[in-house]
Protein chains: 2
Amino acid sequence: MQTSEARIDAAEAARTALVDSRRRQLLNAAARLLGRAGSQSVSMQNVADEAGVSVGLIYRYFGNKQELVQAVIEDVLHEFSVRVAEPVQDEADPVRRIAAAFAGYCSVVQELRDAAVLAYQESKTLEPEGRETVKDLEVESAEPLMAATREAIHAGLLRDVNPRLFAYDLLTTAHLWALKRWYFSRFMTHGEYVAQHTALSLSSVLRPEHRADYADLLGPLA
Amino acid sequence: MQTSEARIDAAEAARTALVDSRRRQLLNAAARLLGRAGSQSVSMQNVADEAGVSVGLIYRYFGNKQELVQAVIEDVLHEFSVRVAEPVQDEADPVRRIAAAFAGYCSVVQELRDAAVLAYQESKTLEPEGRETVKDLEVESAEPLMAATREAIHAGLLRDVNPRLFAYDLLTTAHLWALKRWYFSRFMTHGEYVAQHTALSLSSVLRPEHRADYADLLGPLA
DNA sequence: CAAGGGAGTGAATGAAGATTCATTCACTCT
DNA sequence: AGAGTGAATGAATCTTCATTCACTCCCTTG
């Protein structure tokens, strides 16, 4: 037998679960469409159709179109943060941690495709406040990479470069596949793209005396 | 005394000049506005006001809004092609030619500011056909850099990397300042950005035996 | 089983803004 | 000077959505 409080809690939990799954359903539908066309040519009706619900329902979960777009972008950036933290855990060597983080970013990009770079395309359509949030989240998503870079430099494995510069370069290089896939895919696969950029980036900063230790990452540049 | 034909030619030339200057005036006004806000929030009325003409007039020079946006983007890409060809002429050494081309791209970016990367933000709002044109122009603008890279590799100055990859990376690195200025400018000037990226990029591919020859470009990474 | 409440619907509303076009204006040629 | 030409104007038109809300449906509770 349930107490009335337990019943209320259960109902509460069910509602929350429903709300979450609907939000997710709408975010995914919107992300799919926004990956193909700019937010300006994606109507709320389109999103509703894609999600298989009515227009009105969207407004139950998001205040307005702008909020929806903002939520989609934040969702993507959150995915980056989460999905990169994990592979990085396993690596003790900071240089390999850099490579793992980069590979992590790249795999999220590969999976989300065009949605991965919505921030580049839609940021001007956001409210200034929302834009700031997006920037903060992006910087935050570069954090694991930046930490590993600092460490690698401190350990004397890398030359003395600005870790903020180096880490952000790598992050944006991961994005670049989504932005310029139409070009790079003419002559390389995503896997090759990741490998060659790992090699190029490390090659530019690895101290000569440690190159041999990372020959596997450097490939032909070893 | 003029022949009637000469008179007609003169009139023709005057008309052409007028058309050109109006087009330019409108393109500049539109580029200014598009640099600040997405095309979706820039109305034809806004463009007209910014240019100091009436809405109707815009339609005399551009078929519709989309064509105007497309023309602005093509104009920017044309600027890249033109402005980079020149500084590159002067350098005999292919490695220095790479650096000069990169500096050229960067200086166009610095000058055009946000308008430089309109292609990233607006490409999804363009007609598929227009999008193709934009891609072609972008690839074309990387040509000088690609040629110099090929030569440098052929001359044995650089390691054997894919010139298409390397050159496009550099081109997009130039764009990156416009895309992420809000971040990089927290800790470096545009000049430092250019210098450090020149150094990083060359450092990754310069063969060890030639590093000394380019110590000035490599800076602290020499 | 009836009432209550929230989820979901989709037609109606209103605003924004792209595009048109009748009209004015300035200039050139005869 | 008078006619003709094309540039320029901007109010009116026409569409396209974002947003609202009166309504239906279903589930839970008493």
Side-chain angles (χ1 to χ4, degrees), chain A residues 1-26 29-30 33-34 37-72 122 125-127, chain B residues 1-26 29-30 33-34 37-72 122 125-127:
Chain A
M1 174 183 164
Q2 298 180 304
T3 67
S4 92
E5 275 184 3
R7 243 181 294 139
I8 289 169
D9 284 358
E12 197 60 34
R15 183 172 22 253
T16 307
L18 183 61
V19 166
D20 281 357
S21 83
R22 270 272 185 256
R23 264 186 77 92
R24 177 118 312 279
Q25 172 189 18
L26 292 170
L33 296 180
L34 288 174
S39 66
Q40 110 133 298
S41 21
V42 172
S43 69
M44 292 301 259
Q45 187 64 62
N46 292 154
V47 175
D49 292 349
E50 176 81 15
V53 301
S54 65
V55 226
L57 189 65
I58 303 178
Y59 287 87
R60 223 163 225 296
Y61 295 87
F62 300 94
N64 54 39
K65 188 178 180 177
Q66 190 139 102
E67 269 183 34
L68 174 61
V69 174
Q70 171 95 25
V72 170
E122 300 295 341
T125 75
L126 268 36
E127 289 291 314
Chain B
M1 174 184 164
Q2 298 180 302
T3 66
S4 93
E5 276 183 6
R7 244 179 294 139
I8 288 169
D9 284 356
E12 197 60 32
R15 180 170 26 249
T16 306
L18 184 59
V19 166
D20 282 357
S21 83
R22 269 271 185 259
R23 265 186 76 92
R24 178 119 310 281
Q25 173 189 17
L26 292 170
L33 296 180
L34 288 174
S39 66
Q40 107 137 298
S41 22
V42 172
S43 70
M44 293 300 261
Q45 187 64 62
N46 292 154
V47 176
D49 292 349
E50 176 80 17
V53 302
S54 65
V55 227
L57 188 65
I58 302 179
Y59 287 86
R60 212 160 237 296
Y61 295 88
F62 302 93
N64 54 38
K65 188 176 179 177
Q66 191 142 97
E67 270 184 34
L68 173 61
V69 173
Q70 171 94 27
V72 170
E122 300 295 341
T125 75
L126 268 37
E127 288 292 314

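Because the structure is predicted, anything quoted here is derived from the model rather than measured. All chains are named by letter (A, B, ...) in the order of the sequence lines, taking the proteins before the strands, and each is independently numbered beginning at 1.
With sequence neighbours excluded, the residues that form a side chain to side chain contact (heavy atoms under 4.5 Å, CB included) with A/Val55 are A/Met44, A/Gln45. Legend: residues meeting side-chain hydrogen bond (donor to acceptor under 3.5 Å, both in side chains) with B/Asn46, ordered by chain and number and at least two apart, are B/Ser43. For B/Ala29, the side chain to side chain contact (heavy atoms under 4.5 Å, CB included) test picks out B/Arg32, B/Glu50, B/Ala51, with sequence neighbours left out. Residues forming a side-chain hydrogen bond (donor to acceptor under 3.5 Å, both in side chains) with A/Arg23 (at least two apart in sequence, or on another chain): none.
For the pairing with B/Ser39, the side-chain contact (heavy atoms from CB on, under 4.5 Å) check across B/Leu34, B/Leu33, B/Leu126 returns one residue only, B/Leu34.
B/Arg22 has its CZ atom 11 Å from the C1' atom of D/dT9, to the nearest Å. Going from atom CE of B/Met44 over to atom P of D/dT15 covers 18 Å, rounded to whole Å. Between the C1' atom of D/dA18 and the CD atom of B/Gln40 lies a distance of 11 Å, rounded to the nearest Å. Counting to the nearest Å, the P atom of C/dG17 and the CG atom of B/Leu33 are 13 Å from each other. Remark: C1' of C/dA7 and CD of A/Gln25 are 13 Å apart, rounded to the nearest angstrom.
Within residues 55-64 of chain B, the residues that have a heavy atom under 4.0 Å from DNA chain D are, in order of number, B/Gly56, B/Leu57, B/Arg60, B/Tyr61.
For B/Ser43 and C/dG17, the shortest distance from a side-chain N or O to OP1 or OP2 is not below 4.0 Å.
A/Val47 comes within 4.0 angstrom of no nucleic acid atom, judged by non-hydrogen atoms across all strands.
Residue pairs meeting the salt bridge (Lys or Arg N to Asp or Glu O under 4.0 Å) criterion with at least one member in residues 52-65 of chain B, sequence neighbours excluded, do not occur.
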